[in-house]
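Please read the structure below before turning to the comments.
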Amino acid sequence: MKMKKVFAMATSMLLCGAVFAGCGSEGGSSGSGGSSKSLIKVGIINNDPNESGYRTANVNDLKATFTKENGYDASFSYSLKNEEQINAAQKYIQDEVDYLLISAADTAGWDSVLKDAKDAGVSVILFDRTIDADESLYEASIVSDMDKEGEQAVEWLKSQNLTSYDIIHLQGVMGSAAQKGRSGALTKTAGELGWNIVVEQTAEWNAEKAQQIVQSAIDANQKFNVIYAENDDMAKGAVAALDKANISHGVGKDVVVMGFDCNKWALEELKAGNWNYDGQCNPFQSSYIVDIIDKLEKGETLDEKVVIMNEKGFDASTITDEDVENYGI
């Protein structure tokens, strides 16, 4: 049991002993058969639910799990800005939550607020994204291996043995763990093999912004044969620009299209041969978090500090209906 709860119980017992009309009295609700387990108070800080299909699935998974029926008093905050997320964390600490769950917009800048949480007896669990902070400041981190996601995608692209590599690189929100992992792999390999990055620009996970970036490249008559989009929504926006310009894309066509997250509609585009590759990013993390909270509530030691989920990469030439059904979000 967490120290903060032990202290609260001790204080409550002292008050009951001093005021007989209080806890356990005839008119109280804590007598025989009337007691109820207190709710675990949780503050959940996440990115904007409308950021992408992945994020919508992630948010819905958390909302379905952290309910009063399941024993939680949960509050939710959303922002794509690190400063706003940190402000929300400070408020939750002041509200004396038991657990602070964070999917950080940026990997940097969290040390101070995590120290405040530790001093206040608030347990921090990271999910979805890593941060640059000492491991002693959080209980556990449940994450995708964003570096591996990028490496798998780039290895697949290398295996296509294109006669040339002229790439439009659509980046996610700069500084996020997903952006850094997926960008890092491409930047490294492009430098080693002499691939040409025609355009490299953030579309902040947004389809419309991605469409505008690709349309600008088309209007400028820039030569490209690969779209490396760091999420499905940006890949969708890129394809909209290609379609508008009557540029073919997908298996055996003029432009290779790559996305990440494995939205069901994106995997269907892959199955139809309109896209070429999609990298999985698992949004369903609440069960992992609940398992950790259960162990901490029982005073148990966690098996591991960092829980990394296994994820796949899908190729249009090998994806099956079962893959679409089983892995589409």
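Worth knowing before you read on, the calculation uses all heavy atoms, side chains too, and leaves out hydrogens, waters and symmetry mates.
- The other members of the hydrophobic cluster of Val256, by chain and number, are Val154, Trp156, Leu157, Leu162, Tyr165, Ile167, Leu186, Leu193, Trp195, Ile197, Val226, Tyr228, Met258, Phe260, Tyr277 (side-chain heavy atoms under 4.5 Å, ILVMFWY only).
- The backbone N or O of Gly172 sits nowhere less than 3.5 Å from a side-chain atom of Gln179 that would complete a donor-acceptor pair.
- Checking side-chain atoms of Asn58 against main-chain N and O of Pro283 turns up a donor-acceptor pair under 3.5 Å.
- Screening Asp128, Asn282, Asp232 against Tyr54 for a side-chain hydrogen bond (donor to acceptor under 3.5 Å, both in side chains) leaves a single residue, Asp128.
- A search for side chain to side chain donor-acceptor pair (under 3.5 Å) contacts involving Ser75 returns nothing, not counting sequence neighbours.
- Scanning for side chain to side chain donor-acceptor pair (under 3.5 Å) contacts around Asp48 gives an empty result, with sequence neighbours left out.
- Rounded to the nearest 0.5 angstrom, Asp278 CG and Lys312 NZ are separated by 14.0 Å.
- In this view, Lys91 and Asp95 satisfy the salt bridge (charged side-chain N to carboxylate O under 4.0 Å, His left out) rule, not counting sequence neighbours.
- Grouped with Val306 in one hydrophobic cluster are Val143, Ile308, the linkage being side-chain heavy-atom contacts under 4.5 Å among Ile, Leu, Val, Met, Phe, Trp and Tyr residues.
- Residues satisfying the side chain to side chain donor-acceptor pair (under 3.5 Å) test with Ser176, not counting sequence neighbours, are none.
- Proximity of a side-chain donor or acceptor of Glu151 to a complementary backbone N or O of Ala185 within less than 3.5 Å is not detected.
- In this structure, Glu322 has no salt bridge (charged side-chain N to carboxylate O under 4.0 Å, His left out) partners at least two apart in sequence or on a different chain.
- The hydrophobic cluster containing Met174, built from Ile/Leu/Val/Met/Phe/Trp/Tyr side-chain heavy atoms closer than 4.5 Å, comprises no other residue.
- Geometrically, Lys236 does not engage Trp275 in a cation-pi contact defined by less than 6.0 Å to the ring centre and at most 45° from the axis.
- Note on residues 239-252: pairs passing side chain to side chain donor-acceptor pair (under 3.5 Å), not counting sequence neighbours, are Asp243-His249, Ser248-Asp254.
- The side chain to side chain donor-acceptor pair (under 3.5 Å) check on Asp106 picks up nothing, with sequence neighbours excluded.
- Every side-chain contact (heavy atoms from CB on, under 4.5 Å) that Glu155 has, sequence neighbours left out, goes to Lys158.
- Residues satisfying the salt bridge (charged side-chain N to carboxylate O under 4.0 Å, His left out) test with Glu135, not counting sequence neighbours, are none.
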- Steps toward salt bridge (Lys or Arg N to Asp or Glu O under 4.0 Å) verdict (Glu325, Lys264): CA-CA 8 Å; Glu325 188 62 33; Lys264 193 166 188 176; 3.1 Å; yes
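- Not one N or O on the side chain of Thr318 forms a donor-acceptor pair closer than 3.5 Å with the backbone of Phe314.
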